[in-house]
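Everything numeric in this text was worked out from a predicted model, so none of it was measured. By convention in this document, chain letters (A, B, ...) are assigned in the order of the sequence lines, proteins followed by strands, and residues within each chain are numbered from 1.
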Amino acid sequence: MQGELVIYNTLSRKKEEFKAIHPPFVGMYVCGPTVYNDVHIGNCRTFISFDVIYRYLLHLGYKVRYVRNITDVGHLENDADSGEDKIAKKAKLENLEPMEIVQKYSNGFHDVMKDFNNLAPSIEPTATAHLLEQIECTQQIIDKGFAYVSNGSVYFDVQKFAEQNNYGELSGRKIDELLSATRDNLDGQDDKKSPLDFALWKQASPEHIMQWNSPWGKGFPGWHLECTVMSTKYLGEQFDIHGGGMDLKFPHHECEIAQNKAATGKEPVKYWMHANMLTLNGEKMSKSTGKFFLPAQLFSGDSELLDKAYSPMAVRFFMMQCHYRSTLDFSNEALQAAEKGYKRILIALQQLGDIKGASNSNVDVASLFKRAYDAMNDDFNTPMVVAVLFDAVKEINLLKAGEKNISHEDLSALKKLFDDFLFNIMGLKLENADDHDSALSKGLMDVILELRKDAKSDKNYAMSDKIRDTLKDLKITVKDTKEGAEWNYEG
RNA sequence: GGUCCGGUGGCCGAGCGGCUAGGCAGAGGUCUGCAAAACCUCCCACAGCGGUUCAAAUCCGCUCCGGACCUCCA
């Protein structure tokens, strides 16, 4: 393979060499969305980040089972809240069945994932389809003595668990600190022994629509439980990678570990990975403040905060220019910069097809490959890969200008560099490719450019400029080069 | 309040002890009927103040500023 892959593990707070538990198989679980609303672009960043990770592992030859759940049980705002859950609320608002809400926003989520060219996960389990397993797991934790029944609900006994385990190992929290932080927040938590305890099963009030039978009465599962149950069901009690957004680290992932260890006594996950947030004016995108974009708004430009529309691939490329563990600030200026840069790569790539191989080569393609692999192996450093690709673009332009030579072998290797890293690993794809490549467009453009060429040789520049300007209005750019005129879409 | 991150050139962002990040924007030049593109050159950044070191954007301390989590959240 291509060097050693190193991954930053949140659990150890260090970069660690990646060693699959059962090579060549890799199990990866990523927390998916709760489908009570449209996913916004911040949500998408996490899934794009893990898509790249998934793609790279596949590229390295691993057989990856990628599980990403859909949370279709409506959870409460917090454990003290006894009213409706989010899905039920939304259902009432839109006058739909809760399961219609689930379907509607699941569909929307899938569409958006497709827009961004994310690969589908291997398994996409839903919480409601795993209620039996969740009830079993709850019972198991009760049997082990780490949970208690209280008034029709079941709570995880955090302090009991912490006597023998390090609760807080992932997020770096200490029980005492957590206790002091929540001291003045005790209202409505009478059922719990301690404010730190979290629900495994929650009793449903009669008006609560989404509820199921259980040994403890009618209710619904706690939020953290589904991921514990579905990850171990499909990936085993111990698996390689668990991912999610930074904001899930505590309490969600911490509770998952606790549930797993309480149930099986084993440390469930070898590498915990967390993708950082997308910010807007330096602050996390959030629905409550109204500071966020929906993908649809981004693609249409329909928002006061946007100067124009951006294509899904321009947005994806924009995200590739930042490391997944850093926050990324969203701005028109930054997005436009990414859009232009991406376009430059695509144009160079298109021209790569016209370059002829020579007998000798003074383009060091091997070193470009090495740098790209080194970057990916260093905890998926995509911004570095992008820098390498821009260096490759420069080489292409020099080749085109006849200032460098390349052998046939290196030429196909150079093409492979882009196929591998830009398309297969970073998951970019061509846009408008169909239009540009259609025989009709090509034929028409050939005719038009031929006419323009005639005008030019007659020194009828008024005519040739008119043709160029008119095409410009149609978002087709014509450039005169030594080899004749070239054309491109948009800009 | 507690815990934890981060402050890099006009903008976005890598780097994290010595070696050019990169993109976008800007300036000059080459080329060109003119444009555009491309290429060349320039724009020598690391919040502030101390310290460690032969050497610090990179390590340590303090100060200032921003953010995340501690409740549902990607």
K.L.:
Can you measure K174(A) atom NZ to C70(B) atom C1' for me and round it to whole angstrom units?
P.N.:
14 Å
K.L.:
Checking contacts here: which listed nucleotide (C12(B), A35(B), A68(B)) is nearest the side-chain heavy atoms of R468(A)?
P.N.:
A35(B)
K.L.:
Roughly how far apart, to the nearest Å, are C46(B) and G29(B) at atom C1'?
P.N.:
30 Å
K.L.:
Using the P atom on both, measure U53(B) against G13(B) and round to a whole Å.
P.N.:
36 Å
K.L.:
Kindly point out which of C34(B), A68(B), G2(B) is positioned nearest to the side chain of E283(A)?
P.N.:
A68(B)
K.L.:
Within 45° of the ring axis of Y310(A) and under 6.0 Å from its six-membered ring centre, is that where the NZ or CZ of K308(A) lies?
P.N.:
yes
K.L.:
Using a 4.0 Å heavy-atom cut-off, write out nucleotides 18-24 of chain B from 5' to 3' as B (base contacted by protein), S (sugar-phosphate only) or - (no contact).
P.N.:
---BSBS
K.L.:
May I ask you to decide if the ring planes of Y373(A) and F421(A) are parallel, tilted or perpendicular, using 30° and 60° as cut-offs?
P.N.:
perpendicular
K.L.:
On the ring face of F250(A), is R173(A) found with NZ or CZ under 6.0 Å from the centre and within 45° of the axis?
P.N.:
yes
K.L.:
Considering only G33(B), A74(B), C39(B), which nucleotide approaches the side chain of E403(A) most closely?
P.N.:
C39(B)
K.L.:
Relative to Y8(A), does R325(A) satisfy both conditions: NZ or CZ under 6.0 angstrom from the six-membered ring centre, and within 45 degrees of the ring's axis?
P.N.:
yes
K.L.:
Could you tell me if the side chain of N9(A) sits less than 4.5 Å from the side chain of M273(A), heavy atoms only?
P.N.:
no
K.L.:
If we take the P atom in both U63(B) and C24(B), what is their distance in whole Å?
P.N.:
41 Å
K.L.:
With sugar-phosphate meaning primed atoms plus P, OP1 and OP2, does H40(A) contact a base, only sugar-phosphate, or nothing at under 4.0 Å between heavy atoms?
P.N.:
base
K.L.:
Would you say G15(B) has OP1 or OP2 under 4.0 Å from some side-chain N or O of N381(A)?
P.N.:
yes
K.L.:
Please give, in whole Å, the distance from U32(B) C1' to E486(A) CD?
P.N.:
14 Å
K.L.:
What is the distance from NZ of K479(A) to P of A35(B), rounded to the nearest Å?
P.N.:
16 Å
K.L.:
Is there a donor and acceptor pair, one atom on the side chain of D480(A) and one on the base of C34(B), closer than 3.5 Å?
P.N.:
yes
K.L.:
Run the salt-bridge test on D51(A) and R316(A) with the 4.0 Å N-O cut-off and return the result as yes or no.
P.N.:
yes
K.L.:
So what does G42(A) hit on the nucleic acid, given a heavy-atom distance under 4.0 Å: a base, only sugar-phosphate, or nothing?
P.N.:
base
K.L.:
With rounding to whole Å, what would you report as the distance between G23(B) and C31(B) at their C1' atoms?
P.N.:
24 Å
K.L.:
Reckon L328(A) touches a base, only the sugar-phosphate, or nothing at all at heavy-atom distances under 4.0 Å?
P.N.:
sugar-phosphate
K.L.:
Within the structure shown, what part of the strands sits under 4.0 Å from S326(A) by heavy-atom distance: base, sugar-phosphate, or nothing?
P.N.:
sugar-phosphate
K.L.:
Decide ring pair (Phe, Tyr, Trp, His ring centres under 6.0 Å) for H130(A) and Y234(A); before the verdict, give the C-alpha distance in whole Å, the side-chain angles of both, and the deciding distance to 0.1 Å.
P.N.:
CA-CA 12 Å; H130(A) 297 76; Y234(A) 298 110; 5.6 Å; yes
K.L.:
Measuring only the P atom in each nucleotide, how far is A21(B) from C16(B)? A whole number of Å is fine.
P.N.:
13 Å
